[in-house]
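Basis for what follows: all heavy atoms, side chains included, without hydrogens, waters or symmetry-related copies. Residue numbering restarts at 1 for every chain, and letters A, B, ... go by the order of the sequence lines.
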Protein chains: 2
Amino acid sequence: MPTLPTAPNADRETRASREDHRALRLWLRLLTCTQLIEREVRGRLRASFSTTLPRFDLMSQLERHPEGLKMNELSRRMMVSGGNVTGITDQLVREGLVERAADADRRAFRVRLTRAGDKAFAEMAREHEAWVVELLAGLSRAEHKQLFDLLAKVKRHALDNAAAKEPA
Amino acid sequence: MPTLPTAPNADRETRASREDHRALRLWLRLLTCTQLIEREVRGRLRASFSTTLPRFDLMSQLERHPEGLKMNELSRRMMVSGGNVTGITDQLVREGLVERAADADRRAFRVRLTRAGDKAFAEMAREHEAWVVELLAGLSRAEHKQLFDLLAKVKRHALDNAAAKEPA
DNA sequence: TATTGTTATACTCTATAACTATA
DNA sequence: TATAGTTATAGAGTATAACAATA
């Protein structure tokens, strides 16, 4: 079917289709970039510290909250289900890096880094940052900022979207 | 230790430390954005089509190559190990969406979409694109392009980095 | 009744290494 | 010998749902 007569909305459709593919390509690139970096970081965390990204993430959350976080707060911040947080926390407790401290609400407790955990995390975080700096070194300082700001918009939109889905 | 005398390189270190945190925050934001979108897409693929992202990804690769792809090509493009590709391909073959066609090299074959697979993928791809457009609608057209270009740099740098590690 | 957290279960994806068959 | 692909194994991560204890 070559050269069809141009229907009234053909132009709009063509444009829409192009928009679609642009968004799709953008998404695929975003995914690729993240996977490339994530894979590298995972591998190095395993090789250098025998740990994993979720474990690192959990400890990182605790490091920002020395007073401790409740399980459901961890779950929300890590965007993972409660059962998962229990499992990861159990591991870290067994290794003496994290502890469950009593809370006023006796159903709950506060998960905190132990002193050993704090020390271990500091080491990991230092190296981890160096890796990330290296992996993102393809961008200038100004480009870092641009990317950061653009992703802020993406994030806000995605969060609004998610919020709209649980109207409570 | 308050107000230490300023060592010669304190400034540089401070700057470096700030750079580090900037890169780290950028990485965390990149990860969050991807996870937010990925989670949404995974959920919808499961809910609407009872499929998964890797399965969708594999079919998407085949759709771009109607002549078929060899297993190791799929493995490379999907950035996963060979054993994985075998597993995912097996599933799709069982469901009649994909087929292994003979190749001149009798060790290998070409994996292709079946007619049913092609049809199923077209439907999924259409919806999938609509989701992605919606999820990325927080950005203007110009911002899309900016983000796309910035991510190109990130990707190139990450790939160079990866290539440098396997000197072969 | 609702909430906090745990347990149990199951499934997907993943990598690694050993293996078969062609080249 | 090297390559294409499979198989076997093991482990991480995830979600869901049922459950216990407390609010």
Side-chain angles (χ1 to χ4, degrees), chain A residues 31 34-36 38-47 49-58 68-95 98-112 166 168, chain B residues 31 34-36 38-47 49-59 68-95 98-112 162 166 168:
Chain A
L31 185 58
T34 300
Q35 282 182 346
L36 283 168
E38 190 176 343
R39 179 164 316 227
E40 190 64 28
V41 168
R42 277 185 199 275
R44 295 195 193 186
L45 279 177
R46 187 156 39 86
F49 300 110
S50 300
T51 195
T52 65
L53 204 48
R55 287 165 53 112
F56 181 80
D57 189 14
L58 194 151
L69 287 172
K70 294 201 282 183
M71 296 300 274
N72 59 12
E73 288 175 329
L74 277 170
S75 169
R76 186 171 43 75
R77 287 169 192 276
M78 295 173 67
M79 303 196 289
V80 190
S81 67
N84 280 324
V85 175
T86 297
I88 298 173
T89 302
D90 285 349
Q91 290 176 26
L92 295 171
V93 167
R94 272 199 298 278
E95 296 170 29
V98 146
E99 65 188 357
R100 289 176 166 98
D103 189 84
D105 181 341
R106 272 161 42 206
R107 292 172 306 184
F109 26 61
R110 291 183 180 179
V111 184
R112 297 188 304 211
E166 16 176 338
Chain B
L31 185 57
T34 300
Q35 283 183 345
L36 282 169
E38 190 176 343
R39 178 164 317 225
E40 191 64 27
V41 169
R42 278 184 198 276
R44 295 194 193 186
L45 279 176
R46 185 157 38 87
F49 300 110
S50 301
T51 194
T52 65
L53 205 47
R55 286 165 53 113
F56 181 80
D57 189 14
L58 193 151
M59 292 180 76
L69 288 172
K70 294 201 282 184
M71 295 301 272
N72 59 12
E73 288 175 329
L74 277 171
S75 168
R76 186 172 43 75
R77 287 170 193 275
M78 296 173 66
M79 304 197 289
V80 273
S81 66
N84 280 324
V85 174
T86 297
I88 298 172
T89 302
D90 285 349
Q91 290 174 28
L92 294 171
V93 167
R94 273 198 298 277
E95 297 170 29
V98 146
E99 65 188 358
R100 287 177 167 96
D103 189 85
D105 181 341
R106 271 161 42 208
R107 292 172 304 181
F109 25 61
R110 292 185 180 179
V111 185
R112 297 189 303 211
E166 19 175 335

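Nearest-nucleotide mapping onto DNA chain D: of Ala104(A) and Asp105(B), the residue sitting toward the 5' end is Asp105(B). Remark on DNA chain C: of its neighbouring residues Gln91(B) and Val85(A), the 5'-side contact belongs to Val85(A), judged by nearest-heavy-atom nucleotide.
In this structure, the CZ atom of Arg106(B) is 22 Å from the P atom of dA2(D), given to the nearest Å. As a whole-Å value, the separation of Ile88(A) CD1 from dT14(D) C1' is 10 Å. Spacing between atom CG of Asn84(A) and atom P of dA10(C) amounts to 17 Å, rounded to whole angstrom units. One atom, CG of Leu53(B), and another, C1' of dT14(C), lie 14 Å apart when rounded to the nearest Å. Between the P atom of dT6(D) and the NZ atom of Lys70(B) lies a distance of 13 Å, rounded to the nearest Å. Atoms CZ (Arg42(A)) and C1' (dC13(C)) sit 11 Å apart, rounded to a whole Å. Put simply, CG on Leu45(A) is 14 Å from P on dA12(D), counting in whole angstrom units. Atom P of nucleotide dA4(D) and atom CG of Leu74(B) are separated by 13 Å, given to the nearest angstrom.
Which of dG5(D), dT4(C), dT7(C) sits closest to the side chain of Thr86(B) comes down to dG5(D). Of the candidate nucleotides dG13(D), dA15(D), dG5(C), dG5(C) has the atom nearest to the side chain of Met71(A). Across dA15(C), dT3(C), dG5(D), the shortest atom-to-atom separation from the side chain of Val80(B) is found for dA15(C). When distances run from any side-chain atom of Arg39(A) to the nucleotides dA15(C), dT6(C), dG5(C), the shortest one goes to dA15(C). Of the listed nucleotides (dA4(D), dT22(D), dT6(D)), dT22(D) has the atom at the smallest distance from the side chain of Arg107(A).
For Arg39(A) (side chain) and Thr34(A) (main-chain N/O), no donor-acceptor pair under 3.5 Å exists by modelled atom type. Side chain of Glu73(A) to backbone of Lys70(A): a donor-acceptor contact under 3.5 angstrom is found. In this structure, the side chain of Gln91(B) does not engage the main chain of Ile88(B) through any donor-acceptor pair within 3.5 Å. Side-chain atoms of Ser75(B) do not come within 3.5 Å of backbone N or O of Met71(B) as any donor-acceptor pair.
At the phosphate of dA4(D), OP1 or OP2 sits under 4.0 Å from a side-chain N or O atom of Asn72(B). OP1 or OP2 of dT16(D) has not a single side-chain nitrogen or oxygen of Ser81(A) nearer than 4.0 Å. One finds no side-chain N or O of Arg46(A) lying less than 4.0 angstrom from the OP1 or OP2 phosphate oxygen of dG11(D). Proximity of Arg100(B) to the phosphate of dT6(D): a side-chain N or O atom is located under 4.0 Å from OP1 or OP2.
For the residue pair Arg42(A) and Pro54(A), the shortest heavy atom distance occurs at NH1-CD, 4.0 Å.
At a threshold of 4.0 angstrom between heavy atoms, the contacts of Gly83(A) include nucleobase atoms, whether or not backbone atoms are also involved.
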